[in-house]
Number of protein chains: 2
Amino acid sequence: MWSAMSETTSTAPTSADVARLAGVSRATVSYVLNDTAGGRVSEKTRLRVRAAADQLGYVPHAAARSLRAGHTGLVLMAAPEITFGPLFNEFFAELRAGLRDHGYTAVLYGTRGDLSGREIARAWAELRPTAVITGVTDDLTPEGVEILRRSGTRAVLSLAERPVPGAHSLLLDQSAVGATAGEHLVARGHRAIGVVMPTDATLRRFSEPRLAGVRQAAAGARVEPLALDYTESSAAELAARWRSLGLTGLFCYNDEYAALIQAAFQDAGIAVPTDAALVGADDLMLARVLRPRLTSVHVSLPEGIALADLIDRLIREPDTPPETYRIGDATITVRDSS
Amino acid sequence: MWSAMSETTSTAPTSADVARLAGVSRATVSYVLNDTAGGRVSEKTRLRVRAAADQLGYVPHAAARSLRAGHTGLVLMAAPEITFGPLFNEFFAELRAGLRDHGYTAVLYGTRGDLSGREIARAWAELRPTAVITGVTDDLTPEGVEILRRSGTRAVLSLAERPVPGAHSLLLDQSAVGATAGEHLVARGHRAIGVVMPTDATLRRFSEPRLAGVRQAAAGARVEPLALDYTESSAAELAARWRSLGLTGLFCYNDEYAALIQAAFQDAGIAVPTDAALVGADDLMLARVLRPRLTSVHVSLPEGIALADLIDRLIREPDTPPETYRIGDATITVRDSS
DNA sequence: TTGAAAGCGATACCAG
DNA sequence: CTGGTATCGCTTTCAA
């Protein structure tokens with residue numbers, strides 16, 4: 001029964017309040033509510049305690065508990081400020097579920113870009129997380145890793161395209177994406193390949209290794225980086241000078257950029273795939289709703305469950321030397337654009 | 001200087017450690033590091049304390065601090081398990097920035113769908129958040145609101161398409177989206193209008209008010225709901241029976257569904273906009289990369305800054321009776337598909 | 001100008 | 001079977 005509306009003065013009920021109402025000690029309340037020490041408390045008392053807790057709407061105080069326990073079950077995940085699309089969202093959701101099954105609480109903790117590596121690390125360290133997974137956008141410096149470890153963080157992982165010294169690395173091998181696209185285009189006979197490079201600075205960490213991957217796979221062919229804003233006008237401009245570039249294939253960074261370009265090419269009378277063979281990446285639904293349908297490279301992220309198991313192991317063995325786990329398999333789905 | 005690698009035994013340095021190293025008391029350390037009581041501590045001592053803290057890599061313990069302070073600066077935001085796209089992401093990022101300027105720490109806290117309303121509320125209440133913003137996906141029951149308030153949460157907001165009793169409501173008026181689309185189609189002379197209804201259950205809370213909006217705006221016209229999976233085959237099927245439906249206009253729920261349908265129509269030889277006038281929603285970049293370009297209804301979310309100000313006010317005046325704030329203006333961008 | 005000590009809420013040891 | 005009590009790390013009042 002929810003008795004009265006919350007008064008302003010309502011201070012949260014504590015275990016002491018529960019104890020008082022049930023006529024027992026705080027220790028007993030703790031035993032009962034945590035199912036500790038089986039059978040040490042009589043059935044009758046347990047019922048009284050439970051009833052009292054219920055009546056007061058008692059909820060334990062996580063901060064007090066973890067202060068006493070010496071550890072929080074918190075796994076902090078860096079929250080990207082930019083969108084990575086449905087792929088990442090689903091991945092995070094799965095990972096969170098997996099961690100919860102191991103008894104951890106996963107939280108997306110966001111920071112703005114205007115904090116230095118040290119400040120970010122300190123902000124995280126204040127929460128005394130059990131583990132930290134730094135995302136793709138955030139800069140975790142070696143110094144930051146050290147700050148976290150000193151403050152008791154047992155595992156620091158970086159999910160990025162290059163390793164952070166001192167931290168375990170889940171290396172998202174972006175160059176494999178480019179390489180897969182490059183191989184495909186070369187196999188189709190293309191010897192002059194353009195690579196779209198978004199001017200967006202936050203994407204550089206992806207675009208550059210992807211370019212390198214194309215270069216490596218298309219050794220011997222001409223590979224030309226082409227800067228592009230994510231705007232219609234920028235795409236139109238690229239379309240206008242396409243014929244003069246002498247290229248036949250184009251790796252478009254991802255499906256969204258590819259869609260933009262395909263539309264501009266269409267407007268300019270450049271036929272896909274005959275005048276330009278297009279390859280996107282991420283294999284979004286978008287690739288299937290365009291006409292012609294888009295060939296796309298897909299990066300499979302690791303199963304959230306498996307990753308949760310790994311994190312749990314690293315937490316339990318905090319002295320495991322930093323290791324690099326290569327994740328993400330690149331596979332290509334060939335459709336009508338190439 | 002980062003002396004040695006973190007040993008296993010490394011227990012996080014406390015303010016007592018800093019005090020010992022600096023040769024002062026814990027109180028003094030607290031004064032210095034928090035800039036409390038200006039001028040009460042001599043410059044010399046302050047330097048010593050700062051140096052000691054630095055040397056040890058001291059980071060204060062947030063749980064201990066807030067336990068003592070009696071309040072956390074935590075604003076919990078329900079993390080949606082599904083994607084709402086770039087619109088929401090940007091909105092969340094802005095909101096977080098705004099809250100940080102007010103001294104709060106915003107955190108995305110995720111829960112899986114398998115928790116009951118009470119369990120979710122308890123999980124949140126354990127963290128003693130200062131405010132909770134429940135997202136679009138999560139079910140916050142009136143009972144949950146009460147649990148939170150009892151445990152000291154000063155403001156509970158729901159950002160949803162219908163109000164939660166007891167909580168402040170940021171009412172995202174989805175019916176306005178449908179109404180705007182309906183008005184547009186009617187103004188163009190359409191008297192038989194289809195409305196795409198995603199079969200995805202989590203989207204029903206959006207799709208139904210959107211449908212209602214169309215109905216209201218197109219009173220007198222025929223309005224036909226059309227169930228659709230987010231698959232190519234489902235779209236193809238709709239295209240196959242389009243002519244037999246006798247409809248001329250189609251509101252597609254959002255741009256992604258509209259893209260799917262436009263492709264299917266194109267495959268089936270149904271001309272857009274002459275055989276079918278299409279209207280999407282959310283005004284994504286997608287609407288601009290399709291050919292014909294997509295007419296789209298745009299919902300403008302409130303400025304994160306403004307919302308942060310509102311939340312701050314509600315926190316300061318926790319007894320403000322629950323109120324409903326209508327947010328989101330629907331405006332249409334007419335392009336080539338309608 | 002600095003230090004001693006109380007207390008925030010929960011838990012776990014050791015007595016009774 | 002149950003209760004007292006020390007403890008986690010930090011802030012803040014009160015004394016010195």
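All chains are named by letter (A, B, ...) in the order of the sequence lines, taking the proteins before the strands, and each is independently numbered beginning at 1.
Using a 4.5 Å heavy-atom threshold, the side chains of B/Leu171 and B/Pro163 count as touching. Contact check for B/Ile311 versus B/Tyr104: no side-chain heavy atoms found under the 4.5 Å cut-off.
Side-chain proximity of A/Thr28 to D/dG3, D/dG9, D/dT12: nearest is D/dG3. Between C/dA6, D/dG3, C/dA10, one nucleotide has an atom nearer to the side chain of B/Arg26 than all others, and that is C/dA6. The side chain of B/Asn34 sits closest to D/dT11 out of D/dG9, D/dT11, C/dG9. Among the nucleotides C/dA12, D/dG9, D/dT12, the one closest to any side-chain atom of A/Ala27 is C/dA12. Distance from the side chain of A/Thr14 is smallest to C/dA10 among C/dA10, C/dC14, D/dT12. Relative to the side chain of A/Ser15, the nucleotides C/dT2, C/dA10, C/dG3 differ in distance, and C/dA10 lies closest. Ranking D/dT2, C/dA10, D/dT12 by closeness to the B/Tyr31 side chain, first place goes to D/dT12.
At whole-Å resolution of the value, CG in A/Asp35 and P in C/dT11 are 12 Å apart. To the nearest angstrom, C1' of D/dC10 lies 9 Å from CG of A/Leu67. For the pair A/Leu47 CG and D/dT2 P, the computed distance is 12 Å after rounding to whole Å. Going from atom CZ of B/Arg65 over to atom P of C/dG9 covers 18 Å, rounded to whole Å. Rounded to an integer number of Å, the gap from CZ of B/Arg128 to C1' of C/dC8 is 12 Å. A straight line from CD of B/Glu126 to P of C/dG9 spans 15 Å, rounded to a whole angstrom. Rounded to a whole Å, the NE2 atom of A/His61 is 14 Å from the C1' atom of D/dG9. If you measure from atom CG of B/Leu33 to atom P of D/dT11, you get 8 Å, rounded to the nearest angstrom.
In this structure, A/Ser42 reaches the D/dT2 phosphate: one of its side-chain N or O atoms is under 4.0 Å from OP1 or OP2.
As judged by a 4.0 angstrom heavy-atom cut-off over every strand, B/Val29 is placed among residues making no nucleic acid contact. When heavy atoms are screened at a 4.0 angstrom cut-off, B/Thr45 is found touching the sugar-phosphate backbone but no base atom.
The backbone N or O of A/Ala16 lies less than 3.5 Å from a partner atom in the side chain of A/Thr14, making a donor-acceptor pair.
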Check the pair B/Thr105, B/Thr72 against side chain to side chain contact (heavy atoms under 4.5 Å, CB included), reporting the backbone distance first and the verdict last. CA-CA 9 Å; B/Thr105 303; B/Thr72 65; over 6 Å; no

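A donor-acceptor contact under 3.5 Å links the side chain of A/Arg68 to the base of D/dT7.
Screening B/Val132, B/Leu74, B/Thr153 against B/Leu127 for a side-chain contact (heavy atoms from CB on, under 4.5 Å) leaves a single residue, B/Leu74.
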